[in-house]
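Everything on this sheet refers to the single structure shown next.
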2 protein chains.
Amino acid sequence: MTRVLIVDDEPQMLRALQINLEARQYTVATAQDGSRALDEAAAFPPDAVILDLGLPGLDGTEVIRALRVWSAVPVIVLSGRSGATDKVIALDAGADDYVTKPFSMNELLARLRAVLRRPASDEPIGGSAVIGDHTVDLAGCTVRPVPVRLTPTEWRILTVLVQHPGRLVTGRQLLLDVWGPGHERKTNYLRVYLAGLRRKLERDPAHPRHLLTEPGMGYRFEP
Amino acid sequence: MTRVLIVDDEPQMLRALQINLEARQYTVATAQDGSRALDEAAAFPPDAVILDLGLPGLDGTEVIRALRVWSAVPVIVLSGRSGATDKVIALDAGADDYVTKPFSMNELLARLRAVLRRPASDEPIGGSAVIGDHTVDLAGCTVRPVPVRLTPTEWRILTVLVQHPGRLVTGRQLLLDVWGPGHERKTNYLRVYLAGLRRKLERDPAHPRHLLTEPGMGYRFEP
DNA sequence: TCGAACCTTGACGGATCCTTGACGCCGCTT
DNA sequence: AAGCGGCGTCAAGGATCCGTCAAGGTTCGA
């Protein structure tokens, strides 16, 4: 179920939004001022936030900035002001969209669908993976129980693969993440380093079970 | 360098946007109609698209849908219409933002920064479908629970079909999306690859239930 | 200065995939 | 009944991609 946090100080607006969203099967949480909104977002991380700018106490822009310190949750700003500078300030503070009152409920819902459509970016940093007889710890850059020495480039490649377990990673994506823009064509790098990783980690490097290759597509880490 | 593709049929609007964006160090590509925009986006994938809705020929909404078949690039729609239904249609077609003319250049730039801020998702669009005993995951290019290996061309065809569930996709459209312009006559490709897909995914390849042929028309994915 | 570890680059055989043509089946038309 | 076009199937070739190896080139510390 998709959780939406609505922040507004006007009870009737809050209620109207809540009814409309719940009718569309969203789970709704509400807050009437900025600090309570931050508490609520921290306690139960929502999938999206609808935020009125004209809040008592903490300014709406400050709420966005505070949220953005630790969360990438999509934020749609509601505001009575239609001035361009207000929009610029809110968007640059970290808002994803800006809707001017009065607005159409259908438009707001469409914009909500639009920001929710983007891939949820709650991917954790680090993690660990089991390959053959080895357990690799990405955060600590260590391999247990038998210590195996990996080069920096090998670590970067392994990190990208392990952070998308079971999913295919395009050769282009891998080259982009590890070597940066401008190296998308050097697929031979990947061949060399994947061979090295398999030789060091796989039980049978000739028949890998975890660091798989998808011909023509890319590579995949299979847990 | 951040690449932005601007699509507008009015030369002066095109020029004004280009000058403003280039002054902010963006790399700008332009197109004056929908089909050229799609060609340009396929040849040099941009990091964001600014799209005028009132295009000659191909409708702006259709441009978004065609883009969304294979790309998740952020799209900001420009439009002279401020009606709520127009916004809803464009946003649900896959647009990320909707700006009504006349607009402030600073606001547009702020919205551009907002859509570019989200993690670079040059990954293909996701989605999943059930075919026979298999569940195909387009985002991860995986088939569960029994792993099935599909070739790159098979994935591209399946992506186009699954993105239009229940709807007919003409052979021409399929050839255009998968092989690009200039291959519209090679319908035998489709026969070969559809046969391969059915052999790998359908329970009874001789009597397909999900990857259907509409004689004389094209193909259809039936969920 | 030297050496070691690492990164780049090229070449080659083998595996995989794409393309192409041929053949037979089926439904429709003549 | 014969002809025709669209479709499914199959196999062979050519093109492309991948695994492997080895030889420089670079960086960094001893």
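What you see is a predicted model, and the numbers here were worked out from it, not measured in a lab. Convention: sequence-line order gives letters A, B, ...; per-chain numbering from 1.
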Looking at A:T153, does any N or O in its side chain come under 4.0 Å of the phosphate oxygens OP1/OP2 on C:dC6? no

B:T151 vs C:dT16: side-chain N/O to OP1/OP2 distance below 4.0 Å: no

Assess whether side chain to side chain donor-acceptor pair (under 3.5 Å) is satisfied between B:D33 and B:S35, documenting all intermediate values. CA-CA 6 Å; B:D33 62 60; B:S35 63; 3.1 Å; yes

Reading DNA chain D from 5' onward, which residue's closest nucleotide shows up sooner: A:T187 or A:V192? A:T187

Provide, to the nearest angstrom, the distance between the CZ atom belonging to B:R149 and the C1' atom belonging to D:dC18. 11 Å

Phosphate oxygens OP1/OP2 of C:dT9: is one of them under 4.0 Å from a side-chain N or O of A:Y189? yes

Tell me whether the OP1 or OP2 atom of D:dC17 has a side-chain N or O from A:R191 closer than 4.0 Å. no

Nearest whole Å is fine: how far is C:dC23 C1' from B:N188 CG? 14 Å

A:W155 ring center within less than 6.0 Å of A:Y193 ring center: no

Are OP1 or OP2 of D:dC17 and a side-chain N or O of A:T213 less than 4.0 angstrom apart? no

Would you tell me if any nitrogen or oxygen in the side chain of B:W179 comes within less than 4.0 Å of OP1 or OP2 on C:dT19? yes

Interatomic distance, B:L194 CG vs D:dC10 C1' [rounded to whole Å]: 16 Å

Any carboxylate oxygen within less than 4.0 angstrom of a Lys/Arg side-chain nitrogen, looking at B:D97 and B:R111? yes

The side chain of A:Y219 lies closest to which of these nucleotides: D:dT9, D:dG19, C:dG10? D:dG19

For A:R185 and D:dC17, what is the distance between atoms CZ and C1' respectively, to the nearest whole Å? 14 Å

In whole angstroms, how far is the C1' atom of C:dC7 from the CH2 atom of A:W155? 18 Å

State, without any angle test, whether B:T30 and B:R36 hold a side-chain donor-acceptor pair at a distance under 3.5 Å. no

Please state how far atom NZ in A:K186 lies from atom C1' in C:dT9, giving the value in whole angstrom units. 10 Å

May I have the distance from A:L211 (atom CG) to D:dG19 (atom P), rounded to whole angstrom? 11 Å

Could you check B:D96 against B:R68 for salt bridge (charged side-chain N to carboxylate O under 4.0 Å, His left out), going step by step and ending with a plain yes or no? CA-CA 11 Å; B:D96 292 84; B:R68 282 288 174 264; 2.9 Å; yes

Report the distance from atom OH of A:Y193 to atom P of C:dT9, rounded to the nearest whole Å. 11 Å

